[in-house]
Structures are given as C-alpha cells and as structure tokens.
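Index from 1, following the sequence.
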Amino acid sequence: MDSACGADFSFAAPRATELISMKAASLLPKLTLLLLLTHGVLAEEKKPAALPPASATPVARQPITHEALWLLKRVGPPTPSPDGKWVVFSVIEPAYDAKEQVSDLWLKSLTDESPARKITFTKGAEGNVAWSQDGSRLAFDAKRDGDEVAQIHVLNLAAGGEAERVTSLSLGARQPKWSPDGKRLLFVSDTFPGCLDEEANKKAAKEAKDRKYKARAYESFPPRFWDQWLDEKRPHLFVQDAVAGAKAQDLFAGTKFGALKGVGGRPDEAGEMIEALWMPDGTGIVFAMAVNRDESARANVRAQIFALPLGGGEPANLTSDQRSYRSLAFAPDGKALFCLTSEERADTIYGLDRLTSFPWPFESAKRRVLTAALDRSVSRFALPEKSDRVWFSFEHAGLEKLYSMPLAGGAVREERSPVTGCVSGLAAGGARLIANWDSATTPPEVFEFSPAGAAPKPLTNFGGARVAALDLAPVEHFTTTSRRGEPLHSMLVRPAGFDAARKYPLLVVMHGGAASMWRDAWVLRWNYHLLAAPGYAVLLTDYSGSTGYGEAFTLAIQNDPLKGPGDDLLDAADDALKRFPFLDPARQAAAGASYGGHLANWLQATTTRFKCIVSHAGEMDLVMQWGTSDSIFGREVNSGGPPWADARVWREQSPLLQAGNHDKGTGFLTPILITVGEQDFRVPVNNALMNFAVQQRLQVPSKLIVFPEENHWIRKGEESRYWFSEVHAWLAKWLK
C-alpha cells in the first residue's frame, strides 16, 4: 500500500481539563500540565507562563486561519551533544514566497535556563546535523554560495564564526558522521558507474550534462521514486579528514560490492541515504544497505548490516537473512549494536519494527529481539549514558508515549510523558533524553525527558502567544465496535466557537498509509482544525489496516484493501452520530488523500450517504495503480496475486469497476472534488484523470484541480492556501 503517504495525516480531544482525570492530573508535572491547559502558553524561550489570576478577563480565541497555521515557526527534530550539555535543532521561518523562507540551526543549553539562540544565518536549510564527540563542532550538509549540490560544512562552536565547507565533490556530499577521535568525517556521495575517483566522476557528470539528446534508460525497477526520475548514479560511503581541501576516500571504489546491481541506499528526496556508523574504536564502519533493490518488482526489498575496515577491502555481511535492519546505534560502552528490524515475509504486506541488539564484536547467533513480546512497532529508540535501560516510543490509539526496558530485554515500562499528544525525534546526549512533543493544539517543541523519572521539561516555546490566541479544541477519543466485532478507535474535533445548541455537519477524514495512524499531533497539511474552521465536526477513525493496534489489526487489510476499511469508517460515523447530538446526520461529507483518497473513491462507489467527497491523490483502479506507481510488489501481495492471476480483489475492490452500479443504488453519484500533484509518482496523475473522466461520463458534479509543480503532497504555501480554499468552497456548496 502507500505507506509513505500517511506520515503527515496525523490530525487530533473534550477540552484538556475534561480529558485529564483527577488521578492523572495529580501525576502530571506542573510544567506539562500547564502546557496542556494553556495550549502551549509558555513565556517565549524563557520561563513557563504563570496562570492568570482568577479575576483576569478571558482572552477571546480566534478560529485558525491558513495564515496563522502556515506562518508559525516550525521546530525540527533535536540533536543533543554527546556530552549532554547542548541540543541543536532547526527552525523554519516560513513564508508564502518560497524565496523568503528561512531555515536555520538553533542551540540550547541543557545545563542552564538561558534561551535558545540562532547559530546559522542563511536561507538554505542545514540537514543531517552531527556533533563531534567533544561537543565543540557541528557538521551538516547544506547548499551554500550557489552550490548546485549539498556539501559538508563544519561549524566550530568553540571558535565562533561561520561554518566552513570541507567537501568539494562534484556530485555533492551528505549525512556526515564524526570519527570517535574527531579527526575524520564519514559521509555519503553519489558516483557514476565505473568511476573510481573524483576526476572520473567530474568527467562523467560533464558528459551527462553535455548530451545533445534527452532520454532515460532503465533495465531494473523502479525507474522513478516519489517525485523524481532515478538515474544511473549510485550512493557510496566516503571518509575524509575534517578539514577543507582534504582528499575524500571512496570506500566502495573498486569493490565487487559497489558494483552489485541489487545494492542500494534508502531513497529520499535528497538522494539515496545510507545508514552508517563508525565502529566504537574508529577502525572501521558499520552500515545497512539494501541487497536486492533489483528485485523490487517481485519481492520485498531487504536491508542488511555490513562491516568495512578503513583499510579497505570488501564489506563483510554481518547479517544475511529475510529481515530488514535500520536505525543502527552502538551502546554507550560500545559492547552492543542496537537496531530496528522487521521480517520481510513474501506473503504479507506488513511486519512490526522490533528493537533488537547484537553483542559487539558482532555475533549474529546472539541476536536478541528485545520487543518480541510487544505487539507494536517501535518508532525510535535512544541509549542514554549511565542507564541500564533502552528508551523508545511507539504508537497506540492516537498517542505516542515514552517507554523503556532493560538493555538485555525484559518487561516494558511506561515512562513519564504528557498524557496527550505524541513524542517524536527521541535522541540521547550523554545521560540526557531529548525529543519533540506536540499535540493537535500545540506545535512541536523540544522537551527534555528524564531517565530518573522527573517531569518532562519544555526547552523551547516558539509557538507562544500565537498559538494561545487560537481556538483549538483538543481531540475527543472514543471507541466503536465494528460490524465485525472489532474495536475501532476514533477522534473527533469540534470547530472553533462550538455551540452545543447548534447542529454541525460531519466531515469524515481518512488517513493515508494504510499502515499509519491518526495522531493527536500538530499537522501542516490537512490540518484538522483548519478543515473544521468553517463549522464542521471532523471525524478521524483508525480503520482496519492502521498501525497502533497490533500486527493482526494492520494485516486485516490484506485481501480486503478497501471494503473492510470502508465499512469501518461508516460504522464509526454511525456511532459518532449517536454519541454526539450536535452532529447533523443529514449533512455528511468524506475526504482523504493517498490511501485515504483511495477510500474516498471507494465510498463514492459504494454509498450515497455523503453529500460530497474530496479525493486527493486517490487510486482509481487497482490494476492501473499497480502498473504506474513507484512500488508494485506489496500491491499484488495485498490483492492475492498479480493482476493476471485474476484474483477477485482486482475486480471487486477497484473503484472504477463499481462506478456504474446504479442498479444497486450505488455507483458514482456523489459530487466529488478531485485534486492531484502532477509530479506525484506514488499515486500518478493518471488516477485523477481517469477519475474525472468517469465522473464527467456519468454526469456527476465534479471538479478536477491539478497542481503542476506539486508531488504527492501539496507543500507550497500559495498552493496549500488555494487547496484549502477550494476544499472549503466545495464543502460549503454541498453541505450548506
């Protein structure tokens, strides 16, 4: 399914004071409770705001607008220093004109209450920040001074001044990692096939640029990913002294490993990424790479762990099995290698990400799957110094909280984190734990979490008074029993200025994925408070196939990609109408994107209960989507075999083939707004074009909006503002 598309479809409960029981409130740290009750009102980068005196006049809060949402500063994931004294993070200062948007690094002390300060001053973003072991220098990749590709820069915090560019490779450099002694940098750069040094790559790059013809040629799948056509370049690992002008050593040059067709990194917008670490003693590196990328049209891609000494030679397989490994990290004492692993079973579409450890020096036979008994995927883990526990987070029923377990495995223990919202970006620096925390009513900020069990401590407050001025109702959680007897978790969002005496239309919004979950989290795209702002109640249901409820619940979508989840959505909507008397059953609408768009198209074909529908990047025909998207194998596993095997799912659950079922009282009848990014290679534009063609053929009221420069997501400011205005106009037209 479209797993990559669900990430930002987190949306968010009664007021926080209604949600927190007296018992729970008594356990909350004062700062966190204050944060929840005031929607994140803390004095800007200084001290927690005091509660207003009882006689103070309440401040009138306003509905959220696109401008209020879009122009809020955006705090990125934190990277604490190895000595636990500092944390660095990015802050985006957005603008509707992309040329005016600024992204810089900020630094916050972890040893005193001084406010965070900006340490870079360029419009271009700095990525993949890494600390030197002594905490004196930062390395990052960035495009500066007219660079066409990113290069590695080093900022000396002790000496001050501007960051110095230390790489000058023709194909760029990214993902820096400091050696333990702080003298060298490990990083990723691209190479052309057969090129063994920088001069050869420079020559090949010039030849490619000077070609008089324009063509792309492929002999393996996929030819494109997300919104980029792939090319012949391959990612390699390099090592270089951490000074400008030093020669970079290609660790894969001349190896048989580097020439293998199936070897590859993880595709990303900035190019293929390779997860790599220095060995604790600095004598070599450990990394994870895909080993069967050339089989991706007919098999799950597996990433294995390798080791390579700095002296050169062929990388050695540390693992060789039917799993994938990622998120590599050494224990602070260097005696164990931790990672996340999932089984790549040929007959299933999903496997849990489990926390795993190996002894170091490496012994594959002594692998420990630490969370084998936990029926959840671990999102992220951290290994603070002076702790005999590993700390991690996982999704559950709309929330993501903090947990820990002994390093050698054992019982999972819930740790102190806010009772609402989601922890993300968890990282360790020295003995400290740092992460982002956000909720549907509070944008992400940086927090310190205590291994000793103390209260979570907010370290930043960039949202401040701007968020406090907004009328943002927390999500309301409830559980429905589906027609199949399964519990379904939902969240409801009330509009600003809610009046219990009024009747509100119900907007059913469907998350992408399908392997994702609605989260009590701040969202930029498809922000549920902005969707609700004109006066709609927004319903967010985790249908079968969603994560956060165990592996069996996620796998329930297999061989039932649309009907089962569609029924779940209708069951939850029926339950909401019974639970909340302010909902108007005569005015219902549905909307979704990516897999949620698939479901929107399915609901249009199979029910007439909705007054209108919004479908963004929605699959229209299962066979067409299989043949034109950038991932295909999981789709045929989910449908019971390849399209030519004539499995019933391909016919019975393709929205297109149900379009004319008017004799059954269904088929395409409901007015629909169809939107799509022309550069979307995950759910290509042909789905939207076919959808619109069918609607027009059947004379269904319909509107098609194509964004020529957008991909799977609508991410540019003006395009986003226009998209929200069109969605609101469409809902207003039919819900009246």
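With sequence neighbours left out, Gln249 forms a side-chain contact (heavy atoms from CB on, under 4.5 Å) with Leu251. Applying the side-chain contact (heavy atoms from CB on, under 4.5 Å) test to Val700 and every residue at least two apart in sequence or in another chain returns Gln604, Phe668, Gln695, Leu698. Scored by the ring-ring contact (aromatic ring centres under 6.0 Å, His included) test, Trp278 finds no partners at all (sequence neighbours excluded). Not counting sequence neighbours, Arg697 has no partner by the salt bridge (charged side-chain N to carboxylate O under 4.0 Å, His left out) test. For the salt bridge (charged side-chain N to carboxylate O under 4.0 Å, His left out) test, no residue two or more places apart in sequence or in another chain qualifies with Arg216. Partners of Lys203 by salt bridge (charged side-chain N to carboxylate O under 4.0 Å, His left out), not counting sequence neighbours: none found. Partners of Arg715 under the side-chain hydrogen bond (donor to acceptor under 3.5 Å, both in side chains) rule, at least two apart in sequence or in another chain, are Glu269. Shown here are the salt bridge (charged side-chain N to carboxylate O under 4.0 Å, His left out) partners of Asp630, two or more places apart in sequence or in another chain: Arg682.
By the 4.0 Å N-to-carboxylate-O rule, Glu100 lies close enough to Lys123 to be salt-bridged with it. With respect to the salt-bridge test (charged N to carboxylate O, under 4.0 angstrom), the residues Arg519 and Glu395 qualify. Salt-bridge annotation for Asp231 and Lys233: present, with a side-chain N of the basic residue lying under 4.0 Å from a carboxylate O of the acidic one. A salt bridge links Asp190 with Arg174: the distance from a Lys NZ or Arg NE/NH1/NH2 to an Asp or Glu carboxylate oxygen falls below 4.0 Å.
Judged as a salt bridge (charged side-chain N to carboxylate O under 4.0 Å, His left out), the pairs with a partner in residues 318-329 (not counting sequence neighbours) are, in order, Asp321-Arg367, Arg326-Asp353. Pairs of residues two or more places apart, or lying in two chains, that qualify as salt bridge (charged side-chain N to carboxylate O under 4.0 Å, His left out) and include a residue from residues 636-654 are Asp646-Arg651, Arg648-Glu652.
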Can you give me every donor-acceptor pair (side chain of residues 234-242, partner residue at least two apart or in another chain, under 3.5 Å) with its distance?
| residue | atom | partner | partner atom | Å |
| --- | --- | --- | --- | --- |
| Arg234 | NH2 | Leu260 | O | 2.6 |
| Arg234 | NH2 | Val263 | O | 2.7 |
| His236 | ND1 | Asp250 | OD1 | 3.1 |
| His236 | ND1 | Asp250 | OD2 | 2.9 |
| His236 | NE2 | Thr191 | OG1 | 3.4 |
| Gln240 | NE2 | Val166 | O | 2.6 |
| Gln240 | NE2 | Val243 | O | 3.4 |

Side-chain atoms of residues 287-296: list all donor-acceptor pairs with protein atoms under 3.5 Å, sequence neighbours left out, distances to 0.1 Å.
| residue | atom | partner | partner atom | Å |
| --- | --- | --- | --- | --- |
| Asn292 | OD1 | Arg302 | N | 2.8 |
| Asn292 | ND2 | Glu295 | OE1 | 3.3 |
| Asn292 | ND2 | Asn300 | O | 3.0 |
| Arg293 | NH1 | Gly265 | O | 3.0 |
| Arg293 | NH1 | Glu272 | OE1 | 3.0 |
| Ser296 | OG | Phe221 | O | 3.0 |
| Ser296 | OG | Arg293 | O | 3.3 |

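With Asn436 contributing its side chain and Pro444 its backbone, the two residues share no donor-acceptor pair below 3.5 Å. Using a distance-only test at 3.5 Å, with no hydrogens or angles considered, no donor-acceptor pair links the side chain of Asp680 to the main chain of Val676. Panel note: side chain Gln653, backbone Leu562; a donor-acceptor pair is recorded below 3.5 Å.
Annotation for Asp145: atom CG does not count as buried by contact number, only 12 or fewer foreign heavy atoms lying within 6.0 Å. For Glu709, the CD atom sits in a loose shell: 12 or fewer heavy atoms of surrounding residues, nucleotides or ligands are nearer than 6.0 Å. In the displayed structure, Lys716 atom NZ is contacted under 6.0 Å by more than 12 heavy atoms of other residues, nucleotides or ligands.
Shown here for Phe681 and Asp227, the closest heavy-atom pair between the two residues is CE1-C, 3.4 Å. Across Ser103 and Ser90, no two heavy atoms sit closer than the pair OG-CB, 4.4 Å.
Residues Trp713 and Trp226 place their aromatic rings such that the two centres sit under 6.0 Å apart.
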